[in-house]
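First the proteins, then the strands, lettered A, B, ... as listed; each starts at 1.
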Amino acid sequence: MLDRKFIIQNAEIVRDNCTRRGVTCEIDRIIELDAERLTKLQLAEDLNRQANETSQQIPKSKDDAARKALIDKGRDLRHQKDAAQNAHDQLEGEIAELISAIPNLTHPDVPTGGEEDAVEISLGKTPIPNFDFEPRNHVELGEQHDLFDFEAGARVSGAGFYYLKNAAVRLDLALQQFAISFLAGQGFTPISTPDLALTPILQGIGFTPRGPETQIYSVENTDLNLVGTAEITLGGMLAGQTITDAELPMRLCGLSHCFRTEAGAAGRATKGLYRVHQFTKVEMFAFTKPDQSDAEHIRMRDLECEIFDALEVPYRVIDTATGDLGGPAYRKFDLEAWMPGRGDEGQWGEVTSTSNCTDYQARRLNVRFKTTGKKGTQFAHTLNGTAVATGRAMIAILENHQQSDGRIAVPKVLQPWVGCDMIG
RNA sequence: GGAUGGGUGGCAGAGUGGUCGAAUGCACCAGUCUUGAAAACUGGCGUACGUUUGCGCGUACCGUGGGUUCGAAUCCCACCCCAUCCGCCA
């Protein structure tokens, strides 16, 4: 969320930002309610001060009559205070709800518009393959090499679940190993994270569990939810904590399963691994000081490029347009890999996404840092980025590396873990 | 899951109804002393919100949420977490 004071003092900026993102917000209502809230706050504090003063006189009073009068006065003041406080709390709740609907500010370079307005920034080192045969999609390749079992997945867990088999398992593990080894060498602390998290943590990151259109699976009769990404558990690690500036930037890479209901995606359902209810992902996450986050964001994007260059997958880098940014994101880059088997003649498909969330998540999660020698604290900035989502990375590798006979070349960096240079 | 003991400022640790935002020690910062350092001494040292041009003042916060009371770190209830023991278990 944004800072309440900032919203009130910069109403025009916030309003314009919402317009640019195609989001409606009620800034005037917030300003109105907050003015009311302030008068209630001041009233409650003043009544409480009077009540405190009255209470302090009671032990000093000599006779019972004076004492009783003071007790009555104190009781009356507390009741008045409670009323003012309740009014304040209710307003605060209303305001918080309105504020949480306001998205983050937007980086000035972000293109305005929707999905089709994203700007292509660059291409990866690997060229789009020129097949002299009809390329197969990953589902067909999987059948040929006995890599997946979607039927058993559906039988056991329902549509959208799958089994990996044989080389696909090795490939899946190899991608995890490669990503974590690579990032550990880049200053990221490897973390294996919980796959369930408490509702307030999800909300702090910006997810809305248990809503009608939620992407999140929740566990009945508990406050737990299956995580949609390790971003949730990595960001949550410091929830409510105040750290020192010397600890920033703090770079983490988390390994987790990711669970998504894909509610509302029925029409977009595709065959195979592209859109599934469970997958495995290595996620980068960073807490930084405010003046570090832009550079850190570029770095995350470039690390994603290095990873997919190493995987020998053709891709393009996209600067996502305003309408396509999530609420917490200040700016978002996506890597879209070329998937020759997607659509009729191949399509770009999203394989990574990195967002700079500035202090939007940190404010809601209450992640702060203290600068040595300075009074007070500041909210940290948070950033996240996909290193490898193994399912989608596998699609890109299988489809781009297929040979005319259907065999699949294993990228060099994965060969030590896959145990061969060719599948099939 | 059961039993017991705990959760207080950066850390350790007092505090069982009123003047306690909280003793004391350590750590930290500034100063005195010293050629310098150490020691010693003196002073300072939480966060958030509100208010003020400013010094400052006010309110809240002693695991979390409720309750009792004029008044709660202190009493009551629920929950969470930690430690130890028992049970169970990959």
Between B:C81 and B:C26, how far is it from one C1' atom to the other, in whole Å?
-> 26 Å
May I ask which nucleotide in the shown strands pairs with B:C81, Watson-Crick or G-U wobble, both distances under 3.5 Å?
-> B:G6
Protein-nucleotide distance (A:I243, atom CD1; B:U47, atom P), rounded to Å = 16 Å
State plainly whether the residues A:R251 and A:E296 are in salt-bridge range, i.e. N to O under 4.0 Å.
-> yes
Expressed in whole Å, how much space separates the P atoms belonging to B:C70 and B:G65?
-> 23 Å
With the side chain defined as heavy atoms from C-beta on, A:R4 is closest, among B:G18, B:C49, B:G46, to B:C49
For the pair made of CD1 in A:I71 and C1' in B:G17, what is the distance, rounded to whole Å?
-> 13 Å
Sticking with atom P, work out how far B:U42 lies from B:U24, rounded to a whole angstrom.
-> 12 Å
Looking only at side-chain atoms of A:L38, point me to the closest of B:U51, B:A48, B:G18.
-> B:U51
Hey, are A:D302 and A:R299 close enough for a salt bridge, meaning a charged N less than 4.0 Å from a carboxylate O?
-> no
Taking atom P of B:G71 as reference, at what distance in whole Å does atom CG of A:D72 sit?
-> 12 Å
Counting any heavy atom closer than 4.0 Å, what does A:L77 reach on the DNA or RNA strands: base, sugar-phosphate only, or nothing?
-> nothing
How do A:Q56 and A:K5 order along RNA chain B: which one's closest nucleotide is nearer the 5' end?
-> A:Q56
Side-chain contact test, heavy atoms from C-beta onward, threshold under 4.5 Å: evaluate it for A:P103 versus A:L325 and give yes or no.
-> no
Write down the partner of B:C61 under the Watson-Crick or G-U wobble criteria, each distance required to be under 3.5 Å.
-> B:G46
Would you mind reporting whether A:R260 and A:T229 have side-chain heavy atoms less than 4.5 Å apart?
-> yes
Counting only non-hydrogen atoms, which of residues 39-49 of chain A are less than 4.0 Å from RNA chain B?
-> A:L41, A:Q42, A:E45, A:N48, A:R49
When rounded to the nearest Å, what value does the distance between P atoms of B:G5 and B:A60 take?
-> 33 Å
C1' gap between B:G46 and B:C82, integer Å = 23 Å
A:K68 side chain near B:C70 phosphate (N/O to OP1/OP2, under 4.0 Å) = no
Between the side chain of A:R392 and the main-chain N/O of A:Y274, is any donor-acceptor distance below 3.5 Å?
-> yes
Using the test salt bridge (charged side-chain N to carboxylate O under 4.0 Å, His left out), find all partners of A:K165 that sit at least two apart in sequence or belong to another chain.
-> A:D146
Using the P atom in both, what is the distance from B:A73 to B:A83, to the nearest Å?
-> 28 Å
Output yes when at least one side-chain N/O atom of A:T377 is less than 4.0 Å from OP1 or OP2 of B:A48, else no.
-> yes
Could you tell me whether A:E304 and A:R301 have a side-chain N and a carboxylate O separated by less than 4.0 Å?
-> no
Quick one: is B:U59 close enough that its OP1 or OP2 comes under 4.0 Å of any side-chain N or O from A:N52?
-> yes
P gap between B:A78 and B:C28, integer Å | 44 Å
Restricting to nitrogen or oxygen on both sides, can you table the protein-nucleotides 72-82 of chain B pairs closer than 3.5 Å?
none

For A:R78 and B:C70, give me the distance from atom CZ to atom P, rounded to whole Å.
-> 10 Å
Between atom CG in A:N366 and atom P in B:U47, what is the gap in whole Å?
-> 14 Å
B:G10 phosphate, OP1 or OP2, under 4.0 Å from A:K370 side-chain N/O = no
What is the distance from NZ of A:K375 to P of B:A30, rounded to the nearest Å?
-> 16 Å
Can you find a pair of side-chain heavy atoms, one from A:T390 and one from A:L164, that are under 4.5 Å apart?
-> no
Lys/Arg-Asp/Glu bridge criterion (N-O < 4.0 Å) met for A:D46, A:R49 = yes
Complementary nucleotide of B:C55, counting Watson-Crick and G-U pairs under 3.5 Å = none
Heavy-atom check, side chain of A:I27 versus side chain of A:I7, under 4.5 Å = yes
Tell me whether the OP1 or OP2 atom of B:U69 has a side-chain N or O from A:R75 closer than 4.0 Å.
-> no
Taking for each residue the nucleotide of RNA chain B with the nearest heavy atom, is it A:Q378 or A:A51 whose nucleotide lies nearer the 5' end?
-> A:Q378
If the P atom of B:C57 is compared with that of B:C75, how far apart are they to the nearest Å?
-> 32 Å
A:M250 side chain reached by A:I243 side chain, heavy atoms, under 4.5 Å | yes
Backbone of A:G326 reached by a side-chain donor or acceptor of A:R21 within 3.5 Å = yes
Quick one: A:R67 CZ to B:G71 P, roughly how many Å, whole number?
-> 14 Å
Paired with B:G1: which nucleotide, if any, by Watson-Crick or G-U wobble criteria at under 3.5 Å for both distances?
-> B:C86
Separation of B:G71 atom P from A:Q50 atom CD, nearest Å, is 15 Å
Assigned partner base of B:U32, Watson-Crick or wobble definition, under 3.5 Å = B:A40
